[in-house]
Amino acid sequence: MANFSKPTVPQFSVDVYQNEFLPEGGRDVNAIVTVTSTGGGTTGALAGGGPASAGVVIMVDCSGSMDYPATKMRGAREATAAAVDTLRDGTHFAVVAGTHIAKEVYPGNGGLAVADARTRAEAKEALRRLSAGGGTAIGTWLRLADRLLSSAELTIRHGILLTDGRNEHESPEELRAALDACAGRFTCDARGVGTDWEVKEVTGIASALLGTADIVADPAGLTADFTAMMEHAMGKGVADVALRLWTPVGVEIMFVKQVAPSVEDLTGRRTEAGPRAGDYPTGSWGDESRDYHVSVRVPQAAVGQEMLAARVSLLAPDPAGGDPRPLSQGLVRAVWTDDLAMSTSINPQVAHYTGQAELADAIQQGLDARKSGDRDGATAKLGRAVQLAAASGNADTAKLLSKVVDVVDAATGTVRLKAKVAEADEMTLETRSTKTVRVKR
């Protein structure tokens, strides 16, 4: 396994893209905030310097359906073994077998093992004994992962969850309660293997725990996917980063959304952080860049006036337990003008991501209409999705849409519903509907 040299300190930057000019009486201000983290994300460094301590719990579905076909259970064992091999030396880890109960597979002592050649070999030996049987209660898996991750002093806490079926042995309320209990305590990537699982369950888990969701329709693809997920987790260097939005008196926050690399509405996740300030969770960071759409409504003002509409800051926890430490900040402005050309110009970044958010909604609404038998509604919504995907250059989504509809004219969104659609193709489109492409700067 790779041994990493002395870590560098991650650096965060905030760039704001907006048209700050409003017409007389104009009130709505929109900005795209690009946050970039560089240096240290691939070395496991803390924002305050020094090595980050990481913990990962892999939750493997071992319910009875994993034996049908047998390639699923075999693929899960092999994929988990490959993920264990990808663990960086010194990383804390555990493996959980998930059925209608959660069981520690390794190390099995109520805590976490520390990755080295010996523990990786022991974990892979334990994986060979995994077998399928029982039901599915994902909330119990998550709660056990939380207990295991809280058993050590960790900077980065991460889960990887694999399921092949619906969460039939606990109520939606029980799963929601588990997600609420785990939110903010660890991040989690969720994967559905095969086509017998519920997309909204898997994407809901990833959304609540600020991770990624995807489909692995063919179990043969699990090893590559698990390896990539673990490599991504090993690249995280700063956890629990908050996006803090401060607004002056009289300014109303309309919404805060992550818009790249995927759409995630953070508006309802705000926690108050002092007078007129609130924090929005962004999870863990490595070397990466993400975009956020901030929309606020300011008081009316006369031509010639200007104001600070919002201040966007990034904060990381203080390892010593003090107040969160600022990493970077950007300003959102409002300037009133009687120049029509200036006040009606739409910032290209704002326009692009507004379209990407509409694209995600159109796909979801179109697929829901298709499932309910509303062919006209499905055709209209999926046609609009095709139009938006083509206009924004989202080639991956356009390709997925073409497996569900026949595209007559992408520019106008003219489509026909396919008479027969493979279940895996429909589930892939739904699962990946929130993935976006970045605007060309």
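Keep in mind it's a predicted model, so treat the numbers as computed, not measured.
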Practice task
Please step through salt bridge (Lys or Arg N to Asp or Glu O under 4.0 Å) for the pair Lys236 and Glu288, ending with a clear verdict.
Solution key: CA-CA 10 Å; Lys236 299 297 185 182; Glu288 58 189 300; 2.8 Å; yes
Practice task
Go through the steps to decide whether Thr397 and Leu359 satisfy the test side chain to side chain contact (heavy atoms under 4.5 Å, CB included), and finish with yes or no.
Solution key: CA-CA 9 Å; Thr397 298; Leu359 169 59; 4.2 Å; yes
Practice task
Kindly determine whether Lys257 and Asp265 satisfy salt bridge (Lys or Arg N to Asp or Glu O under 4.0 Å), including the steps that lead there.
Solution key: CA-CA 4 Å; Lys257 295 178 182 177; Asp265 194 342; 5.0 Å; no
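Two residues are said to be in side-chain contact when any heavy atoms from C-beta on lie closer than 4.5 Å; Leu210 and Arg269 meet this criterion. Ile215 is listed as a side-chain neighbour of Arg432, based on a closest heavy-atom distance under 4.5 Å. The shortest distance between side-chain heavy atoms of Phe226 and Thr86 does not fall below 4.5 Å. Residues Arg74 and Pro219 fail the side-chain proximity criterion, which asks for heavy atoms closer than 4.5 Å. In this structure, Phe255 and His293 have side chains that are in contact, with non-hydrogen atoms separated by less than 4.5 Å.
In this structure, Arg290 forms a cation-pi arrangement with Trp285, its terminal cationic atom sitting closer than 6.0 Å to the ring centre and no more than 45° off the ring axis.
By the 6.0 Å contact criterion, NZ on Lys72 is enclosed, its count of non-hydrogen atoms from other residues, nucleotides or ligands being greater than 12. The environment of NZ in Lys371 is crowded: more than 12 heavy-atom neighbours from other residues, nucleotides or ligands sit within 6.0 Å. No more than 12 heavy atoms of other residues, nucleotides or ligands lie within 6.0 Å of OH in Tyr68, so this atom counts as exposed by the packing criterion. Heavy atoms of other residues, nucleotides or ligands lying less than 6.0 angstrom from NZ of Lys103 number 12 at most.
Considering Asp225, Thr431, Asp214 as possible partners of Arg191, the one that fulfils the side chain to side chain donor-acceptor pair (under 3.5 Å) test is Asp225.
No donor-acceptor pair under 3.5 Å is formed between the side chain of Asp164 and the backbone N or O of Val193. Arg276 places a side-chain N or O within donor-acceptor distance of the main-chain N or O of Thr247, the cut-off being under 3.5 Å. Checking side-chain atoms of Gln356 against main-chain N and O of Val437 turns up a donor-acceptor pair under 3.5 Å. Side chain of Thr91 to backbone of Arg88: a donor-acceptor contact under 3.5 angstrom is found.
Taking CD of Gln18 as the start and CD1 of Ile346 as the end, the distance is 14.0 Å to the nearest 0.5 Å. Taken from OG1 in Thr412 to CD in Gln387, the straight-line distance is 7.0 Å, to the nearest 0.5 Å.
Checked against salt bridge (Lys or Arg N to Asp or Glu O under 4.0 Å), Glu358 has the following partners two or more places apart in sequence or in another chain: Arg384. Scanning for salt bridge (Lys or Arg N to Asp or Glu O under 4.0 Å) contacts around Asp368 gives Lys200, with sequence neighbours left out.
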